[in-house]
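The figures that follow rest on heavy atoms only: side chains count, while hydrogens, waters and symmetry mates do not. Counting convention: from 1, in listed order, for ligands and their atoms alike.
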Amino acid sequence: MNVVPFIFNGSSHPLLCQEVAAILGTSLGKRELGVFPDSEIFLEIQEPVKGHPVFVLQSMEDPNFHLVELLILLDALKRAWVESITVVLPYFAYARQDRQDKAGTAITAKLMADLLTTAGANRLIAMDLHSEQIEGFFNIPVHHLLSNKVLIPVCRSLKLEDPVIVAPDKGAIKFAAQYAAEFNAPLATIEKERKTSFDVEMRLFVGNVKGKSVILVDDMCSTGGTLVQAAKACAELGARRIIAVAAHGLFAANAMEKIEKSPIELFITTNSLPCSEKVQKHPKMRIVSIAPLLAEAMGHL
Ligand code: R5P
């Protein structure tokens with residue numbers, strides 16, 4: 001595809017959307033987006049989209065609001081007779097509930113897939129989905145991007161001596177393994193027990209970090225509990241330097257405070273979600289833009 005079609009965005013991440021559109025040499029599609037006094041969302045497409053393929057870019061910083069906004073955007077485009085809709089989700093919320101780990105719980109990742117396709121998505125571009133089975137929850141093609149393409153060069157530029165890659169829990173092993181292969185470095189793992197949504201405990205450490213430069217890798221940082229506890233465990237075991245890498249930086253609750261006080265020397269993440277000024281300017285933080293990655297994927301479809 002040589003001509004870039006219309007790109008519409010919700011309200012979640014205007015900076016990233018503008019950056020992507022600029023790389024693709026276009027501007028964002030005009031739409032009126034508002035909220036009624038009773039907090040219902042209103043949307044009107046203001047471009048001649050009939051018969052055209054369109055992209056819809058939306059991240060999910062505020063998952064409940066941004067999901068409904070996205071669904072309304074898809075429905076409006078579908079009813080405007082577009083040719084096809086490719087949804088670009090830099091951060092796919094509700095992905096962690098990807099199985100029924102106990103009776104009475106929902107599989108929200110599957111529900112998200114059903115909602116998006118029902119609303120009108122014909123294709124999905126997503127980045128670092130929490131687990132690979134989520135791709136299979138969709139009956140539409142999914143293009144799964146990996147942020148390591150933009151994060152690994154930043155890690156390399158640190159010229160770390162004697163690196164060891166550490167997965168802070170079982171779920172992170174697949175992400176950490178990509179880094180271990182790239183750095184030709186050993187992979188260490190930790191067994192994590194989640195006590196509450198705010199509290200985790202590191203139970204078993206497998207591997208050697210003594211005197212080494214640790215790169216801790218996870219798909220996301222929410223409250224910071226996982227990466228900070230893992231960093232503490234590495235420091236106690238004699239790690240010389242500790243770098244943390246996460247594809248998605250949610251930085252919920254007091255995550256930044258925890259990171260600040262932790263032995264993490266540098267925290268590298270992407271702008272898949274908008275970052276506050278505090279996060280962006282923090283000396284421990286390095287935010288890498290995924291706009292070129294998204295633009296490349298969109299340009300090749
Ligand atoms: C869990 O399965 C995820 O991969 C992350 O480890 C987790 O969501 C991080 O959350 P927090 O930063 O609150 O520990």
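Of the possible donor and acceptor atoms, one in the side chain of His13 sits under 3.5 Å from a partner among the backbone N and O of Asn271.
With hydrogens left out, the protein atom closest to atom 14 (O) of ligand 1 is Thr226 OG1, 2.5 Å, a heavy atom. Of all protein heavy atoms, the one lying nearest to atom 6 (O) of ligand 1 is Asp218 OD2, 2.5 Å. Scanning the protein heavy atoms around atom 1 (C) of ligand 1, the nearest turns out to be His130 CE1, 3.8 Å. In terms of protein heavy-atom proximity, atom 8 (O) of ligand 1 is closest to Arg96 NH1, 2.8 Å. Closest protein heavy atom to atom 13 (O) of ligand 1: Thr223 OG1, 2.6 Å. Closest to atom 3 (C) of ligand 1, if we only count protein heavy atoms, is Asp219 OD1, 3.5 Å.
When the heavy atoms of Ser222, Ala253, Ala230 are ranked by distance to atom 12 (O) of ligand 1, first place goes to Ser222.
Val200 is not listed as a side-chain neighbour of Thr223, based on a closest heavy-atom distance of 4.5 Å or more.
Looking only at atom types and distance, the side chain of Gln97 has no donor-acceptor partner in the side chain of Thr105 under 3.5 Å away. Under 3.5 Å, the side chains of Glu83 and His52 contain no donor-acceptor pair of N or O atoms. Side chain to side chain, His248 and Ser272 meet the donor-acceptor criterion of an N or O pair below 3.5 Å. Side-chain atoms of Thr226 and Lys192 include a donor-acceptor pair closer than 3.5 Å.
Contact annotation for Leu250 and ligand 1: no heavy atom of the residue comes within less than 4.0 Å of the ligand. Contact annotation for Arg194 and ligand 1: only side-chain heavy atoms (C-beta onward) come within less than 4.0 Å of the ligand.
Considering backbone and side-chain atoms alike, Cys221 places every N or O at 3.5 Å or more from each N or O of ligand 1.
Using a 4.0 Å cut-off between charged side-chain N and carboxylate O, Glu296 and Lys149 make a salt bridge. In this structure, Arg194 does not pair ionically with Glu201, as no charged nitrogen and carboxylate oxygen lie closer than 4.0 Å.
Atoms of ligand 1 lying under 4.0 Å from any heavy atom of Gly224, numbered from 1 in the order shown and given with element: 11 (P), 12 (O), 13 (O).
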